[in-house]
Structures are given as structure tokens and as C-alpha cells.
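Let me begin by presenting the structure, written as C-alpha cells, before commenting on it.
Values below: all heavy atoms of this structure, side chains included; hydrogens, waters and symmetry mates excluded.
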Amino acid sequence: MTDLSLKSDSIQTTLKVALHGVTGRMGTNQHFIRSILAIMREGGVRLASGNFLTVEPILVGRDETKLKRLAEEIASQEIGRTVAWSTDLESVITDPSVDIVFDSARTLPRPAFLRQAIEAGKAVYCEKPVAMHTRDALDLAKLCESSEIKNGVVQDKLWLPGIEHLRRLCDEGFFGRILNMTGEFGYWVFTGHDASQTPQRPSWYYRSEDGGGMISDMFCHFDYLIRDLVSPVKSVMTHACIDVTERIDEQGRAYRCTADDAAYAIFETQSGVACQFNSSWNTRVRRDDLLTIQINGTNGSAVAGLVDCWVQDIASTPRPVWNPDVPQSIQFRDGWVKLPELESHTNAFKAQWELFLKHVAGEGDFPWSLRSGARGVALAEAGLRSWKERRWVDVGEVLDVPADAL
């Protein structure tokens with residue numbers, strides 16, 4: 001095994017990856033099937049040399065039945081062979097043949113799990129949020145940095161085709177001076193009271209004592225999206241709600257919801273641009289996608305969903321006049337042009353996995369680190385504080401330091 005705690009110019013050609021928490025919906029579909037197994041099916045990740053970096057997974061968790069099904073039945077369907085699995089988490093973490101430890105299980109136990117892996121000298125990669133509290137997330141980042149442990153956090157939405165369109169438009173100067181940014185996210189999550197419509201999300205997500213909540217989850221995403229497209233967030237004003245107070249869990253039992261299931265926020269960026277995002281699990285979608293982001297500038301505007309993007313330049317901008325006494329004559333959607341599909345794109349999770357694997361093997365930097373993940377946790381903490389205290393909160397206030405020090 002290569003000593004992955006040391007920086008080296010050498011390129012490793014095979015990596016063994018322990019996948020923890022992949023029995024959940026997102027872990028199974030996005031990380032295991034559409035990322036790791038897809039990479040294996042393609043023969044690995046192509047390196048600059050033209051050679052392939054191969055990956056060998058071992059699935060880790062508590063549910064032996066689910067693990068065995070993924071490792072044997074699902075893997076056989078996808079790549080024609082089985083993969084390893086284990087319920088002995090500690091032995092996998094300390095196994096000298098394991099190079100990377102990945103976690104996509106619940107947030108609350110994540111800091112202790114990652115610390116154990118870091119102290120065992122493993123490269124670590126995890127879902128967001130890194131932790132529930134910024135200090136815990138920063139402690140992990142500092143531990144990796146002091147030990148030269150390679151690390152990363154999933155920030156998948158940066159590789160969505162719609163977001164890539166927006167980034168290209170920003171880079172090309174399409175917008176002129178960016179004036180504002182708005183986002184709409186969410187959909188109706190069934191409560192489980194109607195047995196014919198099972199909930200699409202796990203019950204723990206709606207209990208704050210189990211680490212659930214819209215702010216804790218989604219503000220981590222909004223942090224890197226706003227930072228990537230506009231500039232870092234300086235401060236936030238948030239209002240949140242617990243709109244649905246009772247749901248049905250996986251065992252068919254009613255439980256009380258204690259975590260926010262809707263959040264409405266204004267983010268002030270360091271460049272002065274205002275960004276407003278609405279998020280709710282209690283809304284019925286009448287827009288182009290489950291997530292839509294609009295950027296308005298002096299020269300034009302763009303609206304992106306997960307895949308598609310529509311633009312309107314200044315020359316195509318209509319000139320409406322307010323007159324509520326007559327029907328609106330302008331068909332506003334007609335003035336937008338849909339951009340062509342990107343020539344090549346892959347699953348967003350897979351794209352980041354490939355970059356992280358190459359980084360651990362010795363090829364390329366990886367800026368989406370635990371420290372970047374800690375910035376998302378800081379924004380979530382600031383958002384929660386803003387909601388509870390009903391005021392603007394600077395992001396750096398959660399640690400009594402300037403926001404750009406995170």
C-alpha cells in the first residue's frame with residue numbers, strides 16, 4: 001500500500017475504497033452504482049499518462065442483508081462480478097490494504113468516524129454536511145492538514161450540466177455586472193399517512209435530534225454554489241418553518257417532526273451581490289426543475305435547472321408596462337433561448353469521484369476539501385442562528401472570526 005499521508009509525485013494505479021453508508025438511497029444509487037461501479041465498468045479512471053487507475057471497493061455497514069445484496073446481486077448485474085463487504089467497520093478502517101474511507105451515512109456520527117479513519121492514515125472522502133458544528137468540521141480539516149492526509153467533501157452540484165452552463169456564462173462575461181441571484185429548491189415529500197404514497201426521504205431527516213433539517217442540509221450546497229458562481233457568502237438572514245408536524249417512519253409509526261422542513265434565506269456575498277434561495281419539502285413544483293437558479297446581470301439573465309439552461313440577453317429583453325386592467329400580452333417564456341446540451345457530461349457524483357481518486361493516486365489537486373466543507377457548515381450554523389435570533393448573522397460570527405478566515 002502507498003503511504004497516502006505523504007505528498008508524492010508517484011502515481012498509484014489501484015485504490016481500495018471502503019464505502020460506508022451506501023445502503024441508503026443516495027449512497028446506493030449515486031455513489032455505488034452510478035459512480036464506483038460505473039468507473040469499474042469503464043476499466044477505471046484514465047490518467048494523464050493514458051493508463052487507467054482502477055478501484056476496488058469494500059462495502060461497510062450494519063445491515064448484512066443490504067450489504068450482501070449490493071455486493072453480490074447489484075454488483076454482478078452492473079459489472080459481472082461481486083465485490084467485498086463487511087459489517088466489521090473497525091477492522092476495515094485499520095486494514096493496511098484500504099486506501100480511502102468514504103462516508104455517506106448520517107451526519108451526527110460522521111466526525112468520530114472520519115477522525116478514526118484519519119488517525120489510521122487513510123484518505124477520507126464524505127458527504128456533506130461534514131458535521132453539525134463548524135468547530136468539529138474545522139478540527140477534522142486541521143487534523144488532515146497537519147498529517148498531510150488527502151481529503152474531500154462531496155459538492156456534487158458543481159458538476160451538474162445546468163450549473164456548468166451558468167459557470168461558462170459567468171466566465172464568458174455574458175451577464176455583464178451580476179446584480180442578483182435567486183434559487184428555488186424542493187418538492188412535495190409525502191408524509192406517509194397515505195399508505196399508497198410512501199415518503200421519498202428518510203424519517204431522521206425531519207428530526208433535529210437525529211441531525212435532520214433543511215438548513216443543515218441545503219445551506220452547505222448553497223455555500224459552494226454561490227461561492228463558485230458569484231463570490232463567498234458574507235452574511236445571511238433566514239426564516240425557517242416546521243410546516244408538517246407529524247410524519248410516518250419506516251416502521252409505519254407516527255413521529256413528531258422537530259427539524260425545519262422549509263427555509264427562506266437572503267445571502268449577502270463578499271462582492272455585495274444579494275442571493276435569495278427558497279427551499280421546501282412542502283411545495284408542489286411548477287417550474288422547470290426541482291432546483292432552478294437564476295442569475296440577473298446588466299447585459300443578460302440565465303435560468304438553469306439540473307440539466308438545461310435558458311438565456312435572455314439585453315436585446316431580447318421585453319419591455320413590459322404595468323397595467324392590471326388588461327390581460328398580459330407578453331408571453332415571457334418566448335423571449336428565452338435554451339442553450340444546446342453540453343457535448344459531454346457524466347453523472348455529477350461520478351465526475352467528482354474521478355477527480356478525488358486521481359488526487360489520492362497522486363495526480364491533480366482537489367480544492368473541495370474538508371475545509372471547504374467546514375465553510376458550508378459555518379453557513380448552516382449562521383442560518384440557524386439567524387432563524388432563532390431573528391437577525392442578520394455574519395458567517396464568521398459562529399467562530400468569532402472573519403468569514404474569509406474559514
Side-chain angles (χ1 to χ4, degrees), residues 19-38 59-75 77-78 85 87 103-110 127-129 132 154 156-157 160 184-221 240-263 278-292 305-307 347-349:
L19 301 170
H20 178 243
V22 294
T23 55
R25 177 183 56 85
M26 186 170 65
T28 293
N29 294 322
Q30 299 296 348
H31 290 292
F32 184 50
I33 296 176
R34 297 171 193 166
S35 294
I36 295 300
L37 291 183
L59 310 186
V60 193
R62 295 174 299 176
D63 193 319
E64 180 175 331
T65 301
K66 290 182 179 180
L67 289 172
K68 187 175 182 179
R69 176 179 175 272
L70 289 174
E72 298 180 2
E73 180 182 338
I74 300 300
Q77 292 174 1
E78 295 290 328
W85 61 275
T87 57
D103 180 53
S104 61
R106 291 194 302 115
T107 305
L108 281 180
R110 181 166 295 145
E127 266 292 349
K128 33 64 45 205
M132 295 301 296
V154 177
D156 57 286
K157 290 175 178 55
L160 291 170
E184 293 283 343
F185 170 76
Y187 47 91
W188 185 265
V189 175
F190 287 91
T191 65
H193 290 93
D194 181 352
S196 67
Q197 296 285 3
T198 57
Q200 309 98 299
R201 300 190 66 83
S203 60
W204 70 264
Y205 190 91
Y206 300 96
R207 294 188 294 264
S208 58
E209 61 271 24
D210 291 334
M214 181 67 82
I215 293 175
S216 295
D217 181 18
M218 292 310 300
F219 279 30
C220 295
H221 286 297
C241 311
I242 305 175
D243 285 331
V244 176
T245 57
E246 181 185 272
R247 293 178 180 268
I248 306 300
D249 67 15
E250 291 77 5
Q251 287 73 44
R253 300 172 300 197
Y255 66 94
R256 187 169 68 91
C257 301
T258 56
D260 49 297
D261 57 8
N278 297 327
S279 313
S280 175
W281 298 124
N282 315 304
T283 184
R284 293 173 176 87
V285 177
R286 193 178 188 275
R287 54 182 186 271
D288 294 309
D289 213 330
L290 301 183
L291 168 67
T292 57
L306 303 182
V307 176
N347 177 279
F349 291 85

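Y206 has its side chain out of reach of T258: every pair of non-hydrogen atoms, C-beta onward, lies at least 4.5 Å apart. Side-chain contact between L291 and H221 is absent, with no heavy atoms from C-beta onward closer than 4.5 Å. Taking the side chain as every heavy atom from C-beta outward, P199 and I248 never approach each other to under 4.5 Å. Taking 4.5 Å as the limit, every side-chain heavy atom of T198 sits out of range of all side-chain heavy atoms of F190. Using a 4.5 Å cut-off on side-chain heavy atoms (C-beta onward), Y205 and V189 make no contact. At a threshold of 4.5 Å between non-hydrogen side-chain atoms, the residues T28 and I33 count as touching. Side-chain contact between E127 and R110 is present, with heavy atoms from C-beta onward closer than 4.5 Å. Residues L59 and H20 form no side-chain contact, since every pair of their non-hydrogen atoms from C-beta on lies 4.5 Å or further apart.
In summary, the aromatic rings of F185 and W281 are positioned with their centroids under 6.0 Å apart.
Nearest heavy atoms, L70 versus V22: CD1-O, 3.6 Å. Of all heavy-atom pairs between L67 and G61, the closest is CD1-N, 3.5 Å. Pairing each heavy atom of L37 with each of A75, the nearest pair is CD1-CA, 4.1 Å. Shown here for F32 and L19, the closest heavy-atom pair between the two residues is CD1-CD1, 4.0 Å. Contact detail for D289 and V307: the closest heavy-atom pair is OD2-N, 4.1 Å.
Residues satisfying the salt bridge (Lys or Arg N to Asp or Glu O under 4.0 Å) test with R256, not counting sequence neighbours, are none. For R106, the side chain to side chain contact (heavy atoms under 4.5 Å, CB included) criterion is met by L108, P109, W204, D210, not counting sequence neighbours. Remark: A259 engages S208 in a side chain to side chain contact (heavy atoms under 4.5 Å, CB included) (not counting sequence neighbours). In this structure N347 satisfies the side chain to side chain contact (heavy atoms under 4.5 Å, CB included) test together with Q30, R34, S35, F349, K350, sequence neighbours excluded. Residues satisfying the side chain to side chain contact (heavy atoms under 4.5 Å, CB included) test with V285, not counting sequence neighbours, are Y187, R287, L290.
Within the structure, side-chain hydrogen bond (donor to acceptor under 3.5 Å, both in side chains) contacts touching residues 59-73 (residues at least two apart or in different chains) do not occur.
T292 and E184 share no donor-acceptor pair across their side chains, judged by distance under 3.5 Å alone.
Interatomic distance, M218 CE to D260 CG, rounded to the nearest 0.5 Å: 12.0 Å. Between the OG atom in S280 and the CE atom in M214 there is a gap of 6.0 Å [rounded to 0.5 Å]. Atom CD of residue E246 and atom SG of residue C257 lie 7.5 Å apart, to the nearest 0.5 angstrom.
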S203 vs R247, side chain to side chain contact (heavy atoms under 4.5 Å, CB included): CA-CA, chis, key distance, verdict: CA-CA 8 Å; S203 60; R247 293 178 180 268; over 6 Å; no
Pair R25-Q200, side chain to side chain contact (heavy atoms under 4.5 Å, CB included): steps then yes or no: CA-CA 9 Å; R25 177 183 56 85; Q200 309 98 299; 6.0 Å; no
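A side-chain donor-acceptor contact under 3.5 Å links S104 to the backbone of G21. Here the side chain of D243 pairs no donor or acceptor atom with the backbone of A262 at under 3.5 angstrom.
Of the charged side-chain nitrogens involved, none lies within less than 4.0 Å of a carboxylate oxygen, so that D261 and R201 do not count as a salt-bridged pair.
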